[in-house]
Amino acid sequence: GESVGLHLPTLSVQEGDNSIINCAYSNSASDYFIWYKQESGKGPQFIIDIRSNMDKRQGQRVTVLLNKTVKHLSLQIAATQPGDSAVYFCAENMVGGKLIFGQGTTLQVKP
Amino acid sequence: DTAVSQTPKYLVTQMGNDKSIKCEQNLGHDTMYWYKQDSKKFLKIMFSYNNKELIINETVPNRFSPKSPDKAHLNLHINSLELGDSAVYFCASSQSPMNTGELFFGEGSRLTVL
């Protein structure tokens with residue numbers, strides 16, 4: 001069935017530490033994955049994406065890792081800042097162009 | 001310039017009423033979407049239109065009727081509102097229907113049904 005899940009609903013980290021947010025997906029045929037960030041009162045915003053022919057992709061302070069063997073996706077944020085506090089969603093592109101979102105992990109950054 | 005704009009931002013109404021949420025995108029995208037976000041932050045796709053044609057229609061009650069007068073606009077009309085319709089509704093757009101690029105979301109419209 002369609003299911004994208006995150007391991008932890010809330011993650012609390014100290015400012016300056018690295019954050020790792022995890023996501024498990026169920027459809028082994030999915031070929032494209034995206035991480036979104038949603039700040040309070042706003043719509044989700046694109047952070048980084050990865051295709052299934054890659055296992056790692058880096059952006060500015062963010063890295064996405066894809067493990068197709070265990071159908072696992074993670075988002076790593078380096079040197080987490082207060083502005084990183086938000087809800088993070090992984091999303092999986094299904095056949096037919098439907099983007100299925102996971103339930104979200106709330107990242108809290110402690111000063 | 002706001003890329004995807006939706007109005008109203010807040011909507012409070014009584015059960016049984018009919019209401020509409022409007023959405024416009026100025027990105028020149030071909031594809032637009034409506035997503036519903038519940039109180040637990042779960043985002044679920046409702047509809048998708050590509051160039052004014054419906055391409056995704058999830059299991060949504062037929063009280064919900066999307067309308068796309070042109071590819072830059074996708075409005076959502078809801079008849080006979082129920083308590084369970086209370087949620088934040090997000091409009092989004094993408095360059096193509098295959099989601100091979102990012103979705104651009106609006107700021108959301110919070111609907112509260114009393």
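Numbers restart at 1 for each chain; the letters A, B, ... are given by sequence-line order, proteins then strands. Values below: all heavy atoms of this structure, side chains included; hydrogens, waters and symmetry mates excluded.
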Exercise. Give a yes or no on this: more than 12 heavy atoms of other residues, nucleotides or ligands lie within 6.0 Å of atom NZ of A/K56.
Key: no

Self-check item: Heavy-atom donor-acceptor pair, A/Y36 side chain to B/E102 backbone, under 3.5 Å
Solution: no

Exercise. Any chance you could lay out the side chain to side chain contact (heavy atoms under 4.5 Å, CB included) test for B/I45 and A/F101, step after step, and finish with the verdict?
Key: CA-CA 9 Å; B/I45 190 168; A/F101 283 78; over 6 Å; no

Practice problem: Say whether B/M46 and B/I21 are linked into one hydrophobic cluster, either directly or through other cluster members, by side-chain heavy-atom distances under 4.5 angstrom. | Solution: yes

Practice problem: Can you run down the salt bridge (Lys or Arg N to Asp or Glu O under 4.0 Å) pairs that involve residues 11-30 of chain B, sequence neighbours left out, and say none if there aren't any? | Solution: B/D30-B/K71

Exercise. Anything in residues 105-113 of chain B with a heavy-atom distance to chain A below 4.5 Å? Please list those residues in order.
Key: B/F105, B/G106, B/E107

Exercise. Under the side chain to side chain donor-acceptor pair (under 3.5 Å) rule, collect the residues that match up with B/N75, sequence neighbours excluded.
Key: none

Exercise. Measure distances from B/Q6 to the heavy atoms of chain A and classify the residue's part below 4.5 Å as side chain, backbone, both or neither.
Key: neither

Quiz item: Taking everything shown except A/Q60 itself, do over 12 heavy atoms lie less than 6.0 Å from its CD?
Solution: no

Quiz item: Shared ILVMFWY cluster between A/V13 and A/I20, side chains joined below 4.5 angstrom?
Solution: no

Quiz prompt | More than 12 heavy atoms of other groups within 6.0 Å of B/M15 CE | solution = no

Self-check item: ILVMFWY network linking B/I55 to B/L76, side-chain heavy atoms under 4.5 angstrom
Solution: no

Quiz item: Looking only at heavy atoms, which of residues 81-90 of chain B get nearer than 4.5 Å to chain A?
Solution: B/F90

Exercise. Using the side chain to side chain contact (heavy atoms under 4.5 Å, CB included) rule, take A/L99 and B/Y33 through it: C-alpha gap first, then chi angles, then the decisive distance, then the call.
Key: CA-CA 10 Å; A/L99 203 61; B/Y33 310 80; over 6 Å; no

Quiz item: What do you reckon, is CD of A/Q45 surrounded by more than 12 foreign heavy atoms closer than 6.0 Å?
Solution: no

Exercise. Give, for atom CZ of A/F46 and atom CG of B/L103, the distance between the pair rounded to the nearest 0.5 Å.
Key: 10.0 Å

Exercise. Tell me whether A/I50 is reachable from A/W35 by hopping between hydrophobic residues (I, L, V, M, F, W, Y) whose side-chain heavy atoms are closer than 4.5 Å.
Key: yes

Quiz item: Would A/L75 end up clustered with A/L107 when hydrophobic side chains under 4.5 Å apart are linked, directly or stepwise?
Solution: yes

Quiz item: Out of curiosity, A/Q103 CD to B/K40 NZ, how far, rounded to the nearest 0.5 Å?
Solution: 8.0 Å

Exercise. Determine whether the side chains of B/Q37 and A/Q38 contain a donor N or O and an acceptor N or O closer than 3.5 Å.
Key: yes

Quiz item: More than 12 non-hydrogen atoms from neighbouring residues, nucleotides or ligands closer than 6.0 Å to CD on A/E15, yes or no?
Solution: yes

